[in-house]
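Worksheet for the structure shown next.
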Amino acid sequence: MSVKKSHPKNLSPKKSPTKKKPKGVSWMLLGLGLTSVSFASAATGAFLAVSLSATPLKQGSLTAEEAKVFSKDDAIAYKSLRLPELNRPVNVLVLGTKVLTSDLEEKVTEDVGYHALVNSFKGLSDTMLLLRFDPLDKKLTVLSIPRDTQATINEKIKKINEANYDGGPALTAEVVSELLEGVPIDRYVRVNVQAVEKVIDALGGVKVYVPKDMKYKDDSQHLYIDLKQGEQHLDGTKSVEFLRFRYDQYGDIGRVQRQQMFMRALVEQALKPQTLLKMPEIFSIISAYIDTNLSVEELVALSGFASQTKRSNVQMLMLPGQFSGDGRHEISYWLPNHNQIQNMVATYFDQGQVNIELEETDATRLRIAIQNSTEDPEVARNMVRYLREAGYRRIFISDQWSEPVQTTRILAQNGDDLGAANLRADLGMGEVLVESTGNLASDITIVLGKDWQQKYPSSSVPFKETSRRTRY
């Protein structure tokens, strides 16, 4: 049985007015040419319109048949000061391409003796995001699609990152839409990885917490990654290294999580007032590295919307799935969980219906991972005792969270913001974030901060009479 889900609005508890530095957020300013325009309000939109009028961002071309893949519906309206604004939700596919000289069919560059990066969009998509700008709910949803996701491309089973190489943005949009239960794709943005380095340098670098030591060497690409754990001020080159690193136990999935961390950090820095004056300069620098079918007016409208979106309304999801570690696949895939995808797109992309039979109606049955950011292991055991007394049963202590945090974070790992909000109500503290940076095996990950340590510094956790919460 399948019914339309009533998804309550604004479930996340009100945030404390105390300013808090968020844990890092994604790729290319949510796709650079797109969300790097999210730095400003309507005034910045005007700057962008002027600077972009002489620098069109469409590098490639679509056939008439390919153009039909994307929506032709008008998405903007003119209101105050005749600046364009969104008048409906818009879904934008963002593709980050990393192309080497060895990937080119025709050798059009000088041989430098190694596989160098080149400015091209004809290649595998190294990063894939679907962004939903929703002016009705005032939310910005970012869905990360791992490059190793198994998909059907031209009637063949392949990794989804091959779609751009085989048929460009139009074929990729078709494949993504099919994977996501028919979610329509309105526009696309392709960004070459070289733009990331240039835009970060133009911003003066970005502060990011590197969660672990990252070391990797590839002489064939002149790629030498050597980043130390801890808060770092990364320039453009180091930022690209941080984003490209995927040499750990989680491979590309771990890289997707770090991209989400990077996105939050980058967006926060880009929204600073001193950044606004740099926007015309930044766009003149990166315009050659972006290909999009967005018009200047649409870009300005998206910019104005994103600049006014609250941090708590930026929802960062990852395509539900699992590793193909069953021995039946010769190639390593991220296997999509289509039941969970159905519910995710119904909830966050207004496509289809939620299947209640697949929904967990008892929030206390959620799989909850505890990651401790303090140096006291007893703090995690206190949380386990507290949750058990509150009626939760599926709890486990996960790896240490490397970054020290002040405020406890409740991460809706698979997008269950209602379950996370219920859990926060039981805890009486914490910040709910919809993002996929926690434990992969959990529904919700609790990152314990100093606030929890200060509230329960000893092993004695008082019993809290809590009724078993249900979601409906």
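The analysis underlying the following values was restricted to heavy atoms, covering all of them including side chains, and did not include hydrogens, waters or symmetry mates.
Between the side chain of Arg244 and the main chain of Leu223, no donor-acceptor pair closer than 3.5 Å is present. Without hydrogens or angle criteria, Asp219 side chain to His222 main chain gives no donor-acceptor distance under 3.5 Å. Distance alone, capped at 3.5 Å, places no donor-acceptor pair between the Glu435 side chain and the Gln413 backbone. Using a distance-only test at 3.5 Å, with no hydrogens or angles considered, no donor-acceptor pair links the side chain of Asp201 to the main chain of Gly205. Between the side chain of Ser324 and the backbone N or O of Tyr333, at least one donor-acceptor pair lies under 3.5 Å. Between the Gln229 side chain and the Val210 main chain, no donor and acceptor come within less than 3.5 Å of each other. For Glu197 (side chain) and Val240 (main-chain N/O), no donor-acceptor pair under 3.5 Å exists by modelled atom type. A donor-acceptor contact shorter than 3.5 Å is absent between the side chain of Asp213 and the backbone of Lys228. When atom types are taken as modelled, the side chain of Asn192 and the backbone of Val118 share a donor-acceptor pair closer than 3.5 angstrom. Using modelled atom types, no side-chain atom of Thr141 and backbone atom of Arg132 make a donor-acceptor pair closer than 3.5 Å.
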Requested in this report: Apply the test side-chain contact (heavy atoms from CB on, under 4.5 Å) to residues Phe323 and Leu335: give CA-CA distance (whole Å), side-chain angles for both, the deciding distance (0.1 Å), then the verdict.
Outcome: CA-CA 6 Å; Phe323 294 108; Leu335 302 176; over 6 Å; no
Query raised in the report: For Gln221 and Asp218, what are the C-alpha separation, side-chain angles and deciding distance, and is it a side chain to side chain donor-acceptor pair (under 3.5 Å)?
Result: CA-CA 6 Å; Gln221 299 184 45; Asp218 185 343; 3.1 Å; yes
Report task. Go through the steps to decide whether Lys238 and Glu241 satisfy the test salt bridge (Lys or Arg N to Asp or Glu O under 4.0 Å), and finish with yes or no. Result -> CA-CA 5 Å; Lys238 294 297 183 183; Glu241 292 174 1; 3.7 Å; yes
Query raised in the report: Would Arg246 and Arg147 satisfy side-chain contact (heavy atoms from CB on, under 4.5 Å), going step by step from the backbone distance to the final call?
Result: CA-CA 12 Å; Arg246 61 193 296 251; Arg147 53 180 277 174; 4.0 Å; yes
**Report entry** Arg367 and Asp443: CA distance, side-chain angles, deciding distance, salt bridge (Lys or Arg N to Asp or Glu O under 4.0 Å) verdict
**Finding:** CA-CA 5 Å; Arg367 296 169 299 171; Asp443 297 310; 2.8 Å; yes
**Report entry** Trace of the side-chain contact (heavy atoms from CB on, under 4.5 Å) decision for Gln257 with Leu440
**Finding:** CA-CA 10 Å; Gln257 291 184 312; Leu440 295 176; 3.6 Å; yes
Query raised in the report: Run the side-chain contact (heavy atoms from CB on, under 4.5 Å) check on Leu423 and Leu387 step by step: do they pass?
Result: CA-CA 9 Å; Leu423 181 56; Leu387 291 176; 3.7 Å; yes
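Annotation: the span from Glu162 atom CD to Ser125 atom OG amounts to 9.5 Å, rounded to 0.5 Å. Here CD1 of Ile410 is found 12.0 Å from CG of Asp417. Values are rounded to the nearest 0.5 Å. Taken from CZ in Phe349 to CD in Glu181, the straight-line distance is 12.5 Å, to the nearest 0.5 Å. Taking CD1 of Ile225 as the start and CG of Leu243 as the end, the distance is 10.0 Å to the nearest 0.5 Å. To the nearest 0.5 Å, atom OG of residue Ser436 and atom CD of residue Gln315 are 11.0 Å apart. Taken from CZ in Arg381 to CD1 in Ile370, the straight-line distance is 13.0 Å, to the nearest 0.5 Å.
Atom NZ of Lys455 is surrounded by more than 12 heavy atoms from other residues, nucleotides or ligands within 6.0 Å. Other residues, nucleotides and ligands place more than 12 heavy atoms under 6.0 Å from the NZ atom of Lys158.
Across Gln400 and Ser373, no two heavy atoms sit closer than the pair NE2-C, 3.8 Å. Nearest approach of Glu297 to Pro84, heavy atoms of both residues: O-CG, 3.4 Å. Annotation for Arg424 and Gly430: closest pair NE-O, 2.8 Å, computed over non-hydrogen atoms. A pairwise comparison of heavy atoms in Ala369 and Asn439 identifies CB-CB, 3.6 Å as the closest pair. The two residues Pro336 and Gln150 make their nearest non-hydrogen contact at CG-O, 3.6 Å. Contact record, Thr437 with Trp401: O-CZ3, 3.7 Å, taken as the closest heavy-atom pair.
Inter-residue side-chain proximity for Tyr456 and Val379 is flagged as unmet; no heavy-atom pair is nearer than 4.5 Å. For the pair Leu130 and Val94, the minimum side-chain heavy-atom distance is 4.5 Å or more. Under the 4.5 Å side-chain criterion, counting only non-hydrogen atoms from C-beta, Met383 is in contact with Ile446. The shortest side-chain heavy-atom distance between Ser312 and Glu431 does not fall under the 4.5 Å cut-off. With a 4.5 Å cut-off on side-chain heavy atoms, Leu266 and Leu203 count as touching. Contact annotation: the side chain of Pro211 approaches that of Arg258 to within less than 4.5 Å [non-hydrogen atoms, C-beta and beyond]. Here the side chains of Leu234 and Leu227 are in contact, with some heavy-atom distance below 4.5 Å. Side-chain contact check for Ile160 versus Ile145: some heavy-atom pair is nearer than 4.5 Å.
Tyr188 and Phe70 have their aromatic ring centers within a separation under 6.0 angstrom.
Using cut-offs of 30° and 60° on the angle between ring planes, the pair Phe305 and Phe133 is perpendicular.
Tested against Thr292, the residues Val191, Leu299, Val92, Val189 include a single side chain to side chain contact (heavy atoms under 4.5 Å, CB included) partner, Val189. Residue Arg190 forms a side-chain hydrogen bond (donor to acceptor under 3.5 Å, both in side chains) with just one option from Asn293, Thr97, Asp291, and that option is Asp291. Considering Leu317, Val314, Val142 in turn, Leu317 is the only one that fulfils the side chain to side chain contact (heavy atoms under 4.5 Å, CB included) rule with Val434.
Using a 4.0 Å cut-off between charged nitrogen and carboxylate oxygen, Asp126 and Arg255 count as a salt-bridge pair. Salt bridge present: Lys159 and Asp148 bring a charged side-chain N and a carboxylate O closer than 4.0 Å.
In the model, Thr407 has no side-chain atom that pairs as donor or acceptor with a side-chain atom of Asp451 under 3.5 Å. Side chains of Thr374 and Asn372: a donor-acceptor N/O pair is present below 3.5 angstrom, by distance only. Side-chain contact, Asp235 with Thr237: no donor N or O sits under 3.5 Å from an acceptor N or O.
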Under 3.5 Å, which donor-acceptor pairs link side chains of residues 167-178 to any protein atom two or more places apart or in another chain?
from   : atom 1 : to     : atom 2 : distance (Å)
Thr172 : OG1    : Asn164 : N      : 3.1
Thr172 : OG1    : Gly168 : O      : 2.8
Ser177 : OG     : Val183 : O      : 2.8

